[in-house]
Visitor: 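Provided herewith is a single structure, encoded as structure tokens, for subsequent inquiry.
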Amino acid sequence: MTLRVYNTLSGTKEEFTPLVPGKVSMYVCGVTVYDHCHIGHARANVVFDMIYRYLCHAGYEVTYVRNYTDVDDKIINRANQEGVPFNVISERFIAEFDRDMAALGLALPTHQPKATEHIAEMTAVISRLIEKGYAYAADGDVYFCVEEFAPYLKLSKRNLDEMQAGARIEVGEKKRHPMDFALWKGSKPGEPFWESPWGKGRPGWHIECSAMSMKYLGETFDIHGGGKDLVFPHHENEIAQSEAANGKPFAHYWIHNGFVNINAEKMSKSLGNFFTIKEVLEKYDAEVLRFFLLSAHYRSPIDFSDQNLREAETGLERIYTTLAGIDEELAKGEDSTAGEADHELVGKTATLADRFREAMDDDFNTAQALGFVFDLVRSANRVLAEGRGDNRALLAEARDRIREVGTVLGIFTSGPRAFAERLKSRKAAELPISPEEIGRLIEERIAARAARDFRRADEIRDTLAEQGIMLLDSPQGTTWKVK
RNA sequence: GGCGGCGUCGCCAAGUGGUAAGGCAAAGGUCUGCAAAACCUUUAUUCACCGGUUCAAAUCCGGUCGCCGCCUCCA
């Protein structure tokens, strides 16, 4: 089975055929670095990280480019508010972005170009557009002439007349057509600027992606991605600039991820209903967040709520519990006897990689892929519960298959014990009782149980339970966890 | 107003022509001094509603209702 990808351009799933066999070139729009990232940014970046990892896993040599938009109105505004140069703001939030992405366990893209380091490439594209009659300079600004580019709006599937009827467009006096967009903006006093054939100024938003993708990936490349909200105008304008300048197709496959919602409404800065990545990571483990984001298909909206995050946490814990159980079983040694291998577990283990690939080949269906993992987990748990000391090699195999899937999705990457400890210490910090006090009560209970004073033992269990602590008895002793 | 998407068990979520994955929650059982975890069993004859096409539809077509997104910066 071959990879099939939903292409926004055609509106259908298409078989994925890269330009150069065995290689994939992919450009994803990064962030404008003027503030901390929110969960919506987390989703977009986790989704494309997953796609990147899967393409690599599928054997492609992938060149992945993700940019930083480090000059723009919002950055300048913030810099003015704080009374600092714009690059102080952009550098600060580039560092914050990098920190957030590292916390989420993202692989680094091949290239992470910054707009301000590619001004020359941009002015070159703009000059070419003017020469070809697709753009015009007007009093220090340069605009793209949308009427000159016939396929304009082919990605968002609109038409110019209707867009105008919508009439929320400001008719810039320098523009010939109200939909024309800026390639270059003449700088006002106090704004950062670069020299150009049209005077001092700075690039428009869209041109950086055209120029940088061309530099790192060529005039035509395979995949261009970003959030759904970038379809219009950003990606539409990129297509116009690049295809007009080069006379060649731009990106072949356009992939857009769905939004993160809060109460079924889009999370966004303007609505003010957003959570930053840092806020969420104070409450939930990064792997839990990642698991949650991948538990729905990347194009569907996903609703962010405490309940959903907690469910994701419980689900992920279930998988880790199994991995821990397998490790414990294996610690007991080799297969005890040459017993018969459990048929179901053999089957589920042997087919996981294929089923995973099938799900992922169908437009990166991570939700289905995780369902298959849970299938195998249940089989493994059954064998574990049956105390099959004769199936250890098989259990080890199952664990390795689960881990393999996890590597591609960027989850199950911790040791099971480390994961459990992380969750525990995170939750313990919110408890009304100290771990020392819990330990003391556990000791007391052990003594009570040894004396068969079950009444006192249960009293202690109940007291702790009231404070959200569950005691777990096992032959190895008593441990506790936070519920 | 234009364009696009969605509506599947109490909740989350796969499934896009062949007779409803998976997770969470819930109930019963096994295990346990009692618990927890884990295992086993149960939980949608039905996929917003109404028509139509088909041997066959959650999946295709038409209509209705509801929700959301884009059309302005936005992942």
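The sequence lines fix the lettering, A, B, ..., with proteins before strands; numbering per chain opens at 1.
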Visitor: Measure the distance from CD on A:Glu386 to P on B:rU30 and round it to the nearest whole Å.
Guide: 17 Å
Visitor: Between A:Lys266 and B:rA75, is there a contact of a side-chain N or O with OP1 or OP2 at under 4.0 Å?
Guide: no
Visitor: Indicate the ring-plane relationship of A:Phe221 and A:Phe250, choosing parallel, tilted or perpendicular according to the 30° and 60° boundaries.
Guide: perpendicular
Visitor: Taking atom P in both B:rA21 and B:rU46, what distance in whole Å separates the two?
Guide: 15 Å
Visitor: Rounded to whole Å, how long is the line connecting atom NE2 of A:His206 with atom P of B:rC73?
Guide: 7 Å
Visitor: Side-chain donor or acceptor of A:Arg461 under 3.5 Å from a matching atom on the base of B:rA35?
Guide: yes
Visitor: If I pick the C1' atom on B:rU32 and the same atom on B:rU42, what distance separates them, to the nearest angstrom?
Guide: 23 Å
Visitor: State whether the distance check finds a donor on one side and an acceptor on the other, under 3.5 Å, for side chain A:Arg158 versus base B:rC3.
Guide: no
Visitor: Is it the case that the ring center of A:His206 lies less than 6.0 angstrom away from the ring center of A:Phe181?
Guide: yes
Visitor: Mind checking the P distance from B:rU59 to B:rU19? Whole angstroms is fine.
Guide: 15 Å
Visitor: Between A:His256 and A:His235, is the ring centroid distance below 6.0 Å?
Guide: yes
Visitor: Would you say the rings of A:Phe97 and A:Tyr68 are close, in the sense that their centroids are separated by under 6.0 Å?
Guide: yes
Visitor: Can you tell me if A:Asn159 touches the phosphate of B:rC3, counting only side-chain N or O atoms and a distance under 4.0 Å to OP1 or OP2?
Guide: no
Visitor: May I ask you to verify whether the side chain of A:Arg449 and the base of B:rG33 hold a donor-acceptor pair under 3.5 Å?
Guide: yes
Visitor: At under 4.0 Å, does any side-chain N or O of A:Ser305 touch on OP1 or OP2 of B:rC11?
Guide: no
Visitor: Counting only side-chain N and O atoms of A:Asn365, is one of them less than 4.0 Å from OP1 or OP2 of B:rA14?
Guide: no
Visitor: Measure from the side-chain heavy atoms of A:Asn257 and tell me the nearest of B:rC12, B:rA75, B:rC24.
Guide: B:rA75
Visitor: Is it the case that B:rC73 (base atoms only) and A:Asp229 (side chain only) share a donor and an acceptor within less than 3.5 Å, ignoring hydrogens and angles?
Guide: no
Visitor: At less than 4.0 Å, is any side-chain N or O atom of A:Arg299 found next to OP1 or OP2 of B:rA13? Yes or no.
Guide: no
Visitor: Is it the case that the ring center of A:Tyr6 lies less than 6.0 angstrom away from the ring center of A:Phe364?
Guide: no
Visitor: According to the 5.5 Å centroid and 30° plane-angle thresholds, does A:Phe454 stack upon the nucleobase of B:rG33?
Guide: yes
